[in-house]
Each structure stands twice: as structure tokens, then as C-alpha cells.
Q: 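Sharing a structure here in C-alpha cells format.
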Amino acid sequence: MTYGYFTLTQRAIARELGISRNTVRKYCAGAELPVPKPRRRTRPVITDEVKGWIQGYLKEDEEASQIRGAAKQRHTAWRIYERLRAEHAFAGSYEAVARLVRELRPEGKEVFIPLAWDPGDAMQADWGQAVVFLAGKPVKVHFFCARLCYSGLPFVALYPAERNEFLLDGHRQAFEFFQGVPHRVIYDNLRTVVREGWGRYVTQKQPQFQLLEAQL
């Protein structure tokens, strides 16, 4: 059978499409034509359970605001979206979360992360974890991930832990890879960067990170 400019065997076609050889044989013989399967209606991503989680985050803000002397903390829609993904494996869109947050907390002005960036304006950085195989054995590693906001170009470096020295080395390698230093770097309250505070209310950065900033 000819497939594009190449001739493939029925076995190869079955392997490429992930179907049985018998099905491929029927299609080639013209005995039947593939019929597209009807699309199933997906469940709404903003379920009552998701709504409850969001209400819990907003309740945290309310309770924190009533503690005398505590720094005011306010979950943005983006921060709620990130927590849903990290804590509950949420697979919905940010826009759906933002709409519900506006409904549940209509007062006040919401803060949004801009969706348009200038070249060299910003870079996002964070830690992640993965399992790789070294010498045939699974090993848990930590990866420093950086991404330019304008182009979306990513950079990833693997380390044995999320210690300060690896954070600094990850920045160095990322800047060398991107061949420059952006005007700002966006973090999600990394403890290897932030020593005290949260979000916009960071009061103190890690000393080693302050040395990195001073050298840039």
C-alpha cells in the first residue's frame, strides 16, 4: 500500500495508527470505511468540588485578614489556578477559574498576569521533579526549568536536590543558554528565593539569591 511517497506494509500501517492488522486489511480491500466515532460530551471542569476548593482558598484570605499584625495575603485568580493544578491535578483552563473567582469575589480589583510580553522582558523559573533512568535504575531528580515569556523558549537542567547552589547554577546556565539576562524573573514563591513573606508581600530574600541579583 502506498502511504504518501512511501510504500508501507499492512503491519507497519497497523503499528503506526495503533489499530489491528485485520482492520487495516479490511480498509485496504475496500470492504468498509472508517467511521468517525461520535464525540463524547465531557464533564464540566468547574464542578461543585472545584468550586469548593476555590471557596476554601478565598476563605484563607478572609481568615488571614482578621489576624492582627499578619501580612495581608490575597489569592489572585492565577495563584488559585496554579494551586488547583498542583494540589488537585486540575486540568481546566485559567479563564474558567478566573470567571468563577470574579463571581465568588466580585468586589475589589483582580490582578492578572499579562499575556503579551516584550522581547527580553521576563523569564519564568520554577522547580519540578521527575524520575529518570540511570544505569537502568529509576532515580528521582529535581529539574530547574526556565522559560522566556516572549518566545516561550524553555531551558531545563537536572540536579540531585533543590538547594541554593543548584538554584544559582540553574540561573547561570539558563542565562548562558538564552545568551542574555531578562529584565525580570518571575517566581512562584520559591523557598530557595524567598526567605520571608509571600507573593507581593515578600519581606526578605535568601542571602545567596541577593548576591546573584547584585552581580547581574
Q: With sequence neighbours left out, what residues match Y150 under ring pair (Phe, Tyr, Trp, His ring centres under 6.0 Å)?
A: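 Residues passing ring pair (Phe, Tyr, Trp, His ring centres under 6.0 Å) with Y150: none at all.
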Q: With F155, which residues qualify under ring pair (Phe, Tyr, Trp, His ring centres under 6.0 Å), at least two apart?
A: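 F155 satisfies ring pair (Phe, Tyr, Trp, His ring centres under 6.0 Å) with F177 only.
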Q: Does L100 belong to the same Ile/Leu/Val/Met/Phe/Trp/Tyr cluster as W78, with side-chain heavy atoms less than 4.5 Å apart forming each link?
A: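 Yes, L100 and W78 fall within the same hydrophobic cluster.
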Q: Identify, with sequence neighbours excluded, every residue that meets salt bridge (charged side-chain N to carboxylate O under 4.0 Å, His left out) alongside R85.
A: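 Expected list: E82.
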Q: With rounding to the nearest 0.5 Å, note down the distance linking CZ in R99 to OG in S93.
A: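 R99 atom CZ to S93 atom OG measures 6.0 Å (nearest 0.5 Å).
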Q: So which atom in Y57 and which in L84 form the shortest heavy-atom distance, rounded to 0.1 Å?
A: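 Taking every non-hydrogen atom into account, CE1-CD2, 3.9 Å.
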Q: Got a sec, which residues hit salt bridge (charged side-chain N to carboxylate O under 4.0 Å, His left out) with D121, two or more places apart in sequence or on another chain?
A: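 Residues passing salt bridge (charged side-chain N to carboxylate O under 4.0 Å, His left out) with D121: R184.
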Q: Classify the side-chain pair H75/R83 by whether it contains a donor and acceptor separated by less than 3.5 Å.
A: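 The criterion, which ignores hydrogens and geometry beyond distance, is satisfied for R83 and H75.
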Q: Can you check whether Y81 reaches V101 side chain to side chain, under 4.5 Å on heavy atoms?
A: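 In short, these two side chains do not touch, never coming nearer than 4.5 Å.
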Q: Suppose we screen for side-chain contact (heavy atoms from CB on, under 4.5 Å). Which residues come up paired with A161, at least two apart in sequence or across chains?
A: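 Scan of A161 (side-chain contact (heavy atoms from CB on, under 4.5 Å), adjacent residues dropped) gives R163, F166.
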Q: Side-chain donor-acceptor contacts of residues 134-144 below 3.5 Å, not counting sequence neighbours, with atom names and distances?
A:
residue : atom : partner : partner atom : Å
K140    : NZ   : Q129    : OE1          : 3.1
H142    : ND1  : E162    : OE2          : 3.0

Q: Nearest heavy-atom pair of A146 and A174: which atoms, and what distance?
A: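 Minimum heavy-atom contact is CB-CB, 4.2 Å.
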Q: My understanding is that only residues two or more places apart in sequence, or in another chain, count here; which of them pass side-chain contact (heavy atoms from CB on, under 4.5 Å) with Q55?
A: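 Only K51, L104 meet the side-chain contact (heavy atoms from CB on, under 4.5 Å) criterion with Q55.
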Q: Going by the rule side chain to side chain donor-acceptor pair (under 3.5 Å), which residues pair with E176 if we only count those two or more places apart in sequence or in a different chain?
A: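 Partners of E176 by the side chain to side chain donor-acceptor pair (under 3.5 Å) criterion, ordered by chain and then number, come out as R172.
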Q: R147: which residues meet the side-chain contact (heavy atoms from CB on, under 4.5 Å) condition with it, sequence neighbours left out?
A: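 Scan of R147 (side-chain contact (heavy atoms from CB on, under 4.5 Å), adjacent residues dropped) gives Q124.
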Q: Restricting to side chain to side chain donor-acceptor pair (under 3.5 Å), what partner residues turn up for Y159, sequence neighbours left out?
A: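 Y159 satisfies side chain to side chain donor-acceptor pair (under 3.5 Å) with D169, Q173 only.
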Q: Where does the angle between the aromatic ring planes of H171 and F175 fall among parallel (under 30°), tilted (30 to 60°) and perpendicular (over 60°)?
A: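 H171 vs F175 ring planes: perpendicular.
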Q: Can you find a heavy atom in the side chain of C145 that is under 4.5 Å from one in the side chain of D126?
A: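 When only atoms from C-beta onward are counted, D126 and C145 do not touch, as no gap falls below 4.5 Å.
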Q: Run the side-chain contact (heavy atoms from CB on, under 4.5 Å) test against Q179 and tell me which residues pass, sequence neighbours left out.
A: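 Testing Q179 for side-chain contact (heavy atoms from CB on, under 4.5 Å), a comparison that skips the adjacent residues, returns none.
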Q: Looking at side-chain heavy atoms only, is the closest gap between I80 and T76 below 4.5 Å?
A: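 Not touching, per the 4.5 Å side-chain cut-off.
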